[in-house]
Amino acid sequence: MAVASEKTRSAYAPAGLKPMITQTIATEHFNKRQGAAPVLLRTVDLSMRFGGLTALDRVSIDVHQGVIHSVIGPNGAGKTTLFNCVMQGHRISSGDIQLAGERLIGLTPDKVAAAGIARTYQNIRLFTGITAIENLLVGMHRHLKSRWWEAVLASSRCRHDEEKAHAEAREILKFVGLAGRGDTLARHLSYGDQRRLEIGRALCTRPKLLMLDEPTAGMNPREITEMMIFIRRVREAFGLTIVLIEHQMRLVMEVSDKVTVLDHGVKIAEGDPAYVKSNSAVIEAYLGHAAQRQEHPA
Amino acid sequence: MTATNALPERPQRRVRGRVSFTTVISWMLRITIVVTLLASAVSSVLKDRYSIDQWFDLVAFGITIGSVYALIALGYTMVYGVLRLINFAHGEIVMAGSFAGFFVAASLDSTGALNRYPILGFAAMLAIALLVSGGIAVLTERFAYRPFRHAPRLAPLICAIGVSFLLQQSFRGFFGTGLRSYPDPDWLMPPVSIFGFDVPAVQVLVVSSAIVVMVGLYLIVHKTRMGTAMRAVSEDVDVATLMGINVDRVVTFTFALGGAVGGIAGVFYGLVFKQVHFFMGFTPGIKAFGAAVLGGIGNVPGAMIGGIFLGICESVAPALLLDGFGIPAPHQMRDLVAFSLLIAVLIFRPYGIFGERLARRRG
Amino acid sequence: MTTAVTTLPVLHPARSLARMDMTLALRAGSVAGIVAVYAAAVGILKVFGQREVIVDHLTLGHVFLFSLAGACGAYVWTRSKASIRLRVINVVIAGIASGFFLVALIALMANVNLRWMFTALSSDLLRSLIYDRGAVGGSVLFLGAGALGAICGALLIGLPQTPRRCLVWGLSAVLIAGVFQELIQIALRFGWPITSLRTFLYVWRGLTLQGAMIAFATAFCVCWALDLGRRHLRRRRGPADIDVAIPRLRSQLASAVLLLCILVVFPLVAGSYIGQVMMLVSLFVLMGMGLNIEVGLAGLLDLGFVAFFAVGAYTMALLTADSEFALAHYTSLPSLTFWMALPLAVLAATGIGILFGLPVLGVRGDYLAVATLGLGEIVRVLVISDAAKPVLGGAQGILQVPKPTIGGIELVDPMHLFYLTLVFVLVAALIAWRLEGSRLGRAWTAIRDDEDVAQALGINLVQCKLLAYGLGAAFAGLAGAIFAAMLTSVYPHSFSLLVSINVLALLIVGGLGSLPGVIVGALLLIGLPEVLREFNEYRFLFYGVLLIVVMQWRPEGLWPSPQRKREVRTPRLG
């Protein structure tokens, strides 16, 4: 598995986030210690029913710290529903979800975000009417401590806070490759830029766990490669754990440490990419469809 | 939360704010409401201020006004189903129908024709009201709402408020600020006896015609091609378009249908309250919207039931609930009951009492 | 009306083009004619007819009808693709068509009694429409005037830009000088040179013909000179410098302050009636700034805003009034002064806002509008009911609320109260402006754009929405308290839904989210109808039209905030 060199990493790492990086460089050697890393996100027998439709049926997934964990499956397999359930966007029917041992059930999404999960969306959901940097600043909302009356009185703490936030936002902007485009309206950015800005916005909440919902949807092969490299860089630079929903088999096989396959809301296989690729149930349920849909099975 | 015991060392650290503040408030509110309602109902019944006749009158009136609300609610529910737009002007469309019916009735009355040919006269009132209201609804859609078909959600709503005021104030300008009283034909004078209770003929007429209209509407929506197209559009606009449904035509049809039913409701409203006024459409409009939400917005039979439920509540509740507290003049509080119900529905059951068909796509 | 015929026959392009143009002309003429008939039926035409622009020569009604014909002429001229000769013919046809509808109305009115149905269609209107010339003469006059108006409109639109702009300014100057003659005459009352100018331009009833000519000529020349100057500048600097960069937030505040300065000086010049009007305007500006936080920044459409206004007013009355309903009258509480009661009134409004907000703010989007509307109505029904009469005074209201005092001087003059309110407006503007660029302001924007995403980013929806709602309620409560002191009484009838709609309309017209927009909106929607009193009756009709027109053609408002302008005006890419 390719690892970004020391040089590139430091070039992209935001200044304010350096301590986090040194702390988690150990994840580079994840492959050697797989299984030893603690579980960050755990779903236990998670079920989600909409009326008569069972979108998720007793799904148990362990996401270990520091990995890139892909969730794949045909359309309607319940992948995005899984994300929504983790974020507490839906009230789950039964089961349990824990982040680093803390139960998430019953929290509101903002509390889940505070607990350390951030996500992106399949159809990009940026705040389109405001600029790129303002989008990032919204992501930083939770980390700015000044109260509203301080803003009214323009207190020094508030001004200091704002300056710091802007500096950090500019760093992130550079990291996602949008340096100098901070004043562009989000909707005027190109598709790929919007994708990366959305990931940048998620990073601004300083998550432990980043959930990416089809980050390469609608991209051409070259862009997909770029996105692949970018996702790895995000993991290295921020020391994150990443859960990835993907359709692009090439990306999944190259970038993931572990793959979970869902089909009709049921987990049908789990393991490292090589195992999943050769699993007969997966080939039957998923890769068969994928081949028909003319995607790129690796 | 079953099957969690699969994990033996399940940690139980409480995260702050697990039970959010709003949830607590919301439950406190529910409990308070239920307790107050029960207490006041019990004390009212114990006081025994009203005879059985009076209760029957209240319920009968509630059903009458409720069936009018139901007809109005149909317009809201169909338009919301198709466009996801609260047609704020619908109350004014009802008012227009009421005015149209009034002018027909008044001109027939002045020649004496209204008394000589009751059925013909009544039919003429309904027909003209239906045409006028349907026409206004279609025009409104064409010129005020269509440009906003794909606009962000606030814009069409504000425009709808504008349309509501434009219509209301136009009628004020056209027909003056005074009240005009509906003619009172002789054939509506004698009361009808039902189960040994005397019920005003107007109420019988209104309820029975409303039922006919509702059945007709139900058949149109569920049995005709256009109705099917309408339901398809309200299910999913994009897919309906792909299936070759002309969305513009469906929307126009929806407005025409909703407006026509609203116009009939306007005539009934005028017959029940015996007067027309330019501001008369507003309050029943808002209440009927509550009824539509109550029945599950987009749900045609739901709107009918919601309307009748609202009517009965509004009619009975002041006597049943407020009298118990010794509140003076409880019948001034009819609107209060209706609006409280509206807000309670919006807060606690925004998807209506029949479930959440549209829950996923709303908002 | 704008949808042109799209199916073109292939064979005779020239003839079909001509026919298409004819349809265009007839359609434009019909629209103008229908608008004219509508204006007549609704009664606006009559009111317009009573307002003289030039004494004994021209009323606003004439201007209205003539500009209707002009507009449809101009429309046909720009849309028509035929040869010049055909175009002229089409313009004339459009003009005649526009006049024809009123002629038909006149004929109808002369023969049928429409009065029992349409109250405005009186014989009075008929007479004033045809200038006492008889039905036939009047009809000919109408058709001729329609054609002439259409030709004028077409000519105007056909002119090059500079003379057109100067002409329009000149005509507008005459219109303004004529319509606002009372105001201008009062403003011109100081000093003999100005007084003599006044007597030259005006008689006591309005603008004279020579006055109109002078107003026209002055505006025309000034506009021309400005245009020359601008062109000269552009030639020297090059066109690039003219394009202004996107204005920052700071310039928003600057323009708001500039507008406020105008507000400060204006009543000094214009007399005490205007002072009273401005007082009302400033109250609505205050409320507008409150509602702006809710609707403009946080996207919470609140139609029950008047409830907080009422709470503020009633709190003020109950705490300070010298009446049997005052709290001091039947409890041991002392009767408070205006200044002690003011913070309490604001607190009460905020408290009610938060109390209402907690359950209601979970309601989403358009449902919130209806829920808040219901809340506003509930407050109104409660206040007016017999049940609350022992406490709130019922329909008779609470009387004898004292006026505020500063240093022992009672502020009796509305002008003083106006300046007092203006101070509060400044404070409110500052708060709104500071918050907009702050962390909270960004959170509001995010909630407005996409609630779910905002929440998933860690924004506490309840807290942020409540803050917006509470701040809005506080401003409204403040306005209500001042309102009670201004009127020295509170009546339930002052707190109808129409107040909420008023505030919403002025926000929309001025520009959602824009501070100077609030002021412009309040001046236009509150100030103007007070100055032109006879139109007061049609005020909400104009509001309705304005809401529709502004939402369709200028959704960012008359004085938009830079952000809103960006959102609305820049095209969506990708």
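Worth knowing before you read on, the calculation uses all heavy atoms, side chains too, and leaves out hydrogens, waters and symmetry mates. Just so it is clear: chains get the letters A, B, ... in the order the sequence lines come, proteins before strands, and each one is counted from 1.
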Checking heavy atoms, do the side chain of C/F542, its backbone, both or neither come under 4.5 Å from chain B? neither
Heavy-atom cut-off 4.5 Å, strictly under: side chain, backbone, both or neither for C/F118 against chain B? both
Greatest number of non-hydrogen atom pairs under 4.5 angstrom with chain B, of C/L546, C/I44, C/V545, C/L497, falls to C/L497
Could you check if a side-chain atom of B/L166 sits within less than 4.5 angstrom of a side-chain atom of C/L547, using non-hydrogen atoms only? no
Do C/M117 and B/F174 make a side-chain contact, defined as non-hydrogen atoms from C-beta onward lying under 4.5 Å apart? no
Side-chain contact, heavy-atom cut-off 4.5 Å: C/Y367 with B/V293? yes
Quick one: are C/L498 and B/F165 in side-chain contact, heavy atoms under 4.5 Å? yes
Top contributor to chain B interface from C/I378, C/L121, C/I384 [non-hydrogen pairs under 4.5 Å]: C/I378
Chain B interface, residue from C/V370, C/V462, C/L358, C/I508 that has the most non-hydrogen pairs under 4.5 Å: C/V370
Let me know if C/A369 has heavy atoms under 4.5 Å from chain B in its side chain, its backbone, both or neither. side chain
Non-hydrogen atoms of chain B under 4.5 Å away: do they reach the side chain of C/E451, the backbone, both or neither? neither
Max heavy-atom pairs within cutoff under 4.5 Å with chain C, candidates B/T177, B/L346, B/T283, B/L157, goes to B/L346
Among C/T372, C/V549, C/L504, C/I501, which residue has the highest count of heavy-atom pairs closer than 4.5 Å to chain B? C/I501
Is any side-chain heavy atom of C/V363 closer than 4.5 Å to one of B/P350? no
With the side chain counted from C-beta on, respond yes when C/L373 and B/F282 share a heavy-atom pair under 4.5 Å apart, and no when they do not. yes
What part of B/F99 is in contact with chain C, defined as an atom under 4.5 angstrom from a non-hydrogen atom: side chain, backbone, both or neither? neither
